[in-house]
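Remember, predicted model here, so these are calculated numbers, not experimental data.
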Amino acid sequence: MANKPQLRHYIVLDSKTNKDGLSKVYIRFFQDNKKKDYSIGVKWPRDNWDAINELLTPRYTGDPDCEANNLIIAQYKAIIHQIKVKSFVDGFEPGLQQILDSLNHLSPFTDFISFANAEMRRKYRANVNSFETYKHHKAVLRRLIAFFDRETVGIDELTVHKIEEFDGFYRKKKRANNTLASYHKVIKTYLTAAMEQNLIKENPYDKFKFRFVDSDRQALTQDEVKELMKIYNGNVLETIQQEVLRRFLFSCLTGLRISDTHQIQDKHIIDNKIRIQPKKGLKQGKYVVIPIPPSARPLIEGRKGYLFPRLTDQAINRNLKIIAAYARIQTNVTYHTARYTFGTIFIELGGDVQTLCDIMGHHSIKITEIYLKMADQRKVKLMANFDLLFK
């Protein structure tokens, strides 16, 4: 080993702050009585800096930027460690300029988790993705971390072979096809973004195909909806279940998606009509207008601001299972069952497909025609009941 002064480095926060009260995060290098600060592009409040552990601390509970920026810091540390290990194996102490040259040629986002976190934060702040989409994408990243069993995953590690192993890993855990497809869709989205930023030359999903399959669409009957309304009016459920049922019934009577119930406020209702930009379906900027039937009005009467409490999709669907069991409903109820129920009952009560298409915010009437088929299938089952007269 050459007798060269040892290179030391620390993660530090600049003593200066900008007009927003933020300080730059640096890697501070020392070698041969020389000091060099290298900015990693992260800025953070000085009050939220753990100097002992060289980590950022959350500005508030669940701060998403804290986790993502700490991953960036960890990635830089990992790069420097790799250089030092290689130099040790090769029998020499790395020089400061060698380290700096290596960092300048490496993206701070070579860690896919850091890159995806930064991208999803950007989309959420720009209102491209909803809070629920943001939470879903975070959950998918946690699945990827669990598969690799570590917090950092190099973009170059996401090969076709690894994606196949990831798929098999969760199939063994009995994940449904569409659940797995949703995982792949999220990962593919951020790999595509990495390609656009020239971090990778090709997307492994070009060689790995996945698809969503038509689920078994089931709608509640009119009698089942009446029973749920009776349970709601009886106020016999726990508070959270009562709130979930109120939201679910409102969607059964208006066709709102779960994503739209997260954003709807009293300001969206004028003259007993909902006017809202749906999160899905129509092009951005388009509105749907939904008349609120008299039976649905008591469900939101007197509510100000957001009409429904902030709950995750998972919590809502979990409580719907309990409510369905209480009501002795055999259908596998999820929140989307409310939308199927609305569309099917609308047709059963004499509504036309074009009006239903407009209310549900479908971009094509072909999508809406599924409710015609569902209503017809239910008629066939009901007519079959006449056979009971002769048994």
Can you tell whether the side chains of [X] and [Y] come within less than 4.0 Å, N to carboxylate O?
| X | Y | value |
| --- | --- | --- |
| R246 | E243 | yes |
| K77 | E54 | yes |
| D65 | R121 | yes |
| K209 | E164 | no |

Under 3.5 Å, is there a donor-acceptor pair between the side chain of [X] and the main chain of [Y]?
| X | Y | answer |
| --- | --- | --- |
| W49 | S23 | no |
| T341 | L220 | yes |
| E157 | G154 | yes |
| N48 | P58 | yes |
| N53 | L55 | no |
| Q242 | Y232 | yes |

Between [X] and [Y], do the side chains contain an N or O donor and an N or O acceptor separated by less than 3.5 Å?
| X | Y | result |
| --- | --- | --- |
| N332 | K321 | yes |
| N317 | Q314 | no |
| H136 | D313 | no |
| H137 | Y190 | yes |
| T192 | N203 | yes |
| Y124 | R122 | no |
| N117 | S114 | no |

Practice problem: For R28, enumerate each residue passing the side-chain hydrogen bond (donor to acceptor under 3.5 Å, both in side chains) test, keeping only those at least two apart in sequence or located in another chain. | Solution: D37
Quiz item: Which one of T337, L320, L228 satisfies the side chain to side chain contact (heavy atoms under 4.5 Å, CB included) criterion with I329?
Solution: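 Filter result, single survivor: L228.
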For [X] and [Y], take the angle between the two ring planes, folded into 0 to 90°, and tell me which bin it lands in: parallel under 30, tilted 30 to 60, perpendicular over 60.
| X | Y | result |
| --- | --- | --- |
| Y183 | Y170 | perpendicular |
| F342 | F346 | tilted |
| F208 | H184 | tilted |
| Y205 | F210 | perpendicular |
| F112 | F115 | tilted |

Exercise. Would you mind reporting whether L356 and I365 have side-chain heavy atoms less than 4.5 Å apart?
Key: no
Quiz prompt | Min side-chain heavy-atom separation K36-Y26 under 4.5 Å | solution =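 Answer no - side chains too far apart.
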Quiz item: For K24, does the NZ atom have more than 12 heavy-atom neighbours from other residues, nucleotides or ligands under 6.0 Å away?
Solution: no
Self-check item: Heavy atoms of other groups near E165 CD, more than 12 under 6.0 Å
Solution: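 Atom CD in E165 is crowded, with more than 12 foreign heavy atoms closer than 6.0 Å.
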